[in-house]
Amino acid sequence: MKGVILGIAPEARIVDLTHEVPPQDVLAGALALEAAAPYFPPGTIHVAVVDPGVGTRRRALLVTTRTAVFVGPDNGLLSLAVPAGAVTRTLDVSRSRARRKPVSATFHGRDVFAPVAAEVARGTAPARLGVATRPMRRLALPRVRRAGRRLTGTVLAVDRFGNLITNIRRADLGAAAFRRRSLSIRIGGHVVPIRHSYGSGRAGEPTALVNSGDLLEVAVRDGSAAVMLGLGRGAPVAVEAI
Amino acid sequence: MKGVILGIAPEARIVDLTHEVPPQDVLAGALALEAAAPYFPPGTIHVAVVDPGVGTRRRALLVTTRTAVFVGPDNGLLSLAVPAGAVTRTLDVSRSRARRKPVSATFHGRDVFAPVAAEVARGTAPARLGVATRPMRRLALPRVRRAGRRLTGTVLAVDRFGNLITNIRRADLGAAAFRRRSLSIRIGGHVVPIRHSYGSGRAGEPTALVNSGDLLEVAVRDGSAAVMLGLGRGAPVAVEAI
Amino acid sequence: MKGVILGIAPEARIVDLTHEVPPQDVLAGALALEAAAPYFPPGTIHVAVVDPGVGTRRRALLVTTRTAVFVGPDNGLLSLAVPAGAVTRTLDVSRSRARRKPVSATFHGRDVFAPVAAEVARGTAPARLGVATRPMRRLALPRVRRAGRRLTGTVLAVDRFGNLITNIRRADLGAAAFRRRSLSIRIGGHVVPIRHSYGSGRAGEPTALVNSGDLLEVAVRDGSAAVMLGLGRGAPVAVEAI
């Protein structure tokens, strides 16, 4: 992909975001893109490829917002980084004239997404690279439920530190029922205190905190929460205001 | 290596191809380079280091083709990316005046290959960086055998998705005995259908396909063929036209 | 971090050193930085983040030497790459005006270290980015002991090849008691010969050598010394001159 990009747009700055998304894990890729994309400068072109449906009829998309361009498969991978309200244009680039021919049935990263992104990088108008199409498919994340002073959520992902990342957001904890109260987190039969930072827990003890992506996570200082609690994606988590 | 390159050629664009080659696995490195090199623009300098023989008498090579330069150890690592017919010049750079001194006995990537490549990047003529030498050592890949309507090949590598990459090429399957016929793939006691893409198989079911490097591979949708079939490098594979 | 850097210093060249430091392993990070930093050109800004104490009162530092700038947490991570005698200035950038606001309690890489480093890259004087502060915390590495013709040291790290990296330096072996003598290495109940390079040992046999960072290491040709000897960080090692 990098070779193809540099062949088309020799001046492009290429930055690797991550190569640690587990195979076929579209949700993990979507979360990684959501966490990183807002911190890149305006004009950035984000190319994301976690693409188990490559070679089938899933669309290949170029999506623009007011400040950035996103290129990737239509499987939800782009959907967390690009909220519906932020989309200014959705183009199907499956048959883009920018694509390499023949297009491999197994590696559209190289043959479709990289050349389309590189054309944008060298100044080609997106409208010339695809055709207008319906909105992208969106990942249906599990919802956070609230009942009185209790929130119920789910572990979405485990990061490389073994931290359990949940779908409960800082904003959920800022709601009137929870603000300025002591919070107790229940996960996997444990009651876990909520703290400010990784280092403020005791070594080996599970601690909850709101992470740099504004999501509630459970961590173990100097250890792996996933291993210590034996939990992973899908595990339920509850927050109670006391 | 990157620090050394930027010290010599501050304007060089450095692109990481992969850091996932298993330790000492020259064949895996050679396959990765073969898969990527053709997609880089003319003038690219490819530096490859998988070098278990570092510090012994194996040569350090700079090889040119009409469009690119390759720098690395003489252990076959460059040999799949650079067919014999494409070589325009083979130089031994073991004692290149570009090398860092003293040369470490364990890291020629830093002390020989990186500085030699950086000198090429800043415009030094290859002939000034080494002495003409005999052709590079080539990897002897297992051969594909054909008997009537049956091809027999071998698994060469397992990629990070657990796909089993074989030595059977698209061109082998295009031979008269196989073209426009139904093909059946036998591997590890399984009979595997051949399909167009990963997504066209059923989840959990092994599927054969011709990958983006034009090699026959066996994959499992949403899973690992290596794990599910319990196979790896060296496993035999057969293709039969029915 | 890369997005933040490019937003502040669009012309910065960003080079990844490694993403393979084990979680929370400050010593492994410090060794990686020590091994690489001297090979980068003058003017390089090194940003290092292995930061289990993020969000606590540990300082965030910008340290200058005559040729380079180092930015990272005050937990010893920078201390092997920057000997005390090389420091020309130590600044606390915890409350730098360059930091992103609000500063996350869990990711100062993004909110403090990256923006501070990027400001240096675009030409802002370090003195405007922090306040003078006391010297950095330094890692207390185990010491090499010498008694007559015997040195005793310790395994500091295991690299991705399974090599056991010790704290015994080339200079220790160059002392009068050891120079020009046969050396025998004892580790984990084995007596290991010292050789010039990985390739000069026999396959499967443990071999000691002085590596490209001038440290004594124990390797197994075509294998992993850590696995074969069942040893890791903290294992004792002895060198005897015979």
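Throughout, protein chains are lettered first and strands after them, A, B, ... in sequence-line order, and every chain is numbered starting at 1.
- Between C:Leu31 and C:Leu156 the shortest side-chain heavy-atom distance falls below 4.5 Å.
- Distance CD/C:Glu205 to CZ/C:Arg195: 5.5 Å, rounded to 0.5 Å.
- Closest heavy-atom contact between B:Pro73 and B:Asp51: CB-OD1, 3.4 Å.
- Heavy-atom distances place the side chain of C:Arg13, and not its backbone, under 4.5 Å from chain B.
- The stretch residues 100-113 of chain B places B:Arg100, B:Ser104, B:Ala105, B:Thr106, B:Phe107, B:Arg110 near chain C, each with some heavy atom under 4.5 Å from a heavy atom of that chain.
- For the pair C:Thr88 (side chain) and C:Thr64 (backbone), a donor-acceptor distance under 3.5 Å is present.
- Residues C:Leu62 and C:Pro126 come closest through the heavy atom pair CD2-CB, 3.9 Å.
- Identified by a heavy-atom distance below 4.5 Å to chain C, the contributing residues of residues 2-12 of chain B are B:Lys2, B:Gly3, B:Val4, B:Leu6, B:Gly7, B:Pro10, B:Glu11, B:Ala12, in residue-number order.
- If you measure heavy-atom distances from C:Glu20 to chain B, the contacts under 4.5 Å come from the side chain alone.
- Within the 4.5 Å cutoff, side-chain heavy atoms of C:Val191 are placed close to those of C:Arg186.
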Problem - Steps toward side chain to side chain contact (heavy atoms under 4.5 Å, CB included) verdict (B:Leu129, B:Val120) - result: CA-CA 8 Å; B:Leu129 296 167; B:Val120 179; 3.5 Å; yes
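- Contact check for B:Arg233 versus B:Asp25: side-chain heavy atoms found under the 4.5 Å cut-off.
- The shortest non-hydrogen separation linking B:Asp222 to B:Ala203 is OD2-CB, 3.8 Å.
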Exercise for the section: Could you walk me through whether B:Val158 and B:Leu164 pass the side chain to side chain contact (heavy atoms under 4.5 Å, CB included) test, one step at a time? Expected result: CA-CA 5 Å; B:Val158 179; B:Leu164 302 163; 3.9 Å; yes
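- When heavy atoms are compared at a cutoff of 4.5 Å, C:Leu209 approaches chain B solely by way of its side chain, counted from C-beta outward.
- In the model, B:Thr90 has no side-chain atom that pairs as donor or acceptor with a side-chain atom of B:Thr133 under 3.5 Å.
- In this pair, B:Phe70 and B:His46 present their aromatic rings parallel. The plane angle is below 30°, not in the 30 to 60° band.
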Could you pull out every donor-acceptor pair under 3.5 Å between side chains of residues 166-173 of chain C and any protein atom, sequence neighbours left out?
| from | atom 1 | to | atom 2 | distance (Å) |
| --- | --- | --- | --- | --- |
| C:Thr166 | OG1 | C:Ile168 | N | 3.1 |
| C:Thr166 | OG1 | C:Leu216 | O | 2.7 |
| C:Asn167 | OD1 | C:Thr154 | N | 2.8 |
| C:Asn167 | ND2 | C:Pro142 | O | 2.8 |
| C:Arg169 | NH2 | C:Glu34 | OE2 | 3.2 |
| C:Arg170 | NE | C:Asp214 | OD1 | 2.7 |
| C:Arg170 | NH2 | C:Asp214 | OD1 | 3.2 |
| C:Asp172 | OD2 | C:Arg169 | N | 2.8 |

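- Between B:Arg97 and B:Arg128, the closest side-chain pair of non-hydrogen atoms falls below 4.5 Å.
- For residues 74-87 of chain B, heavy-atom neighbours of chain C at less than 4.5 Å comprise no residues at all.
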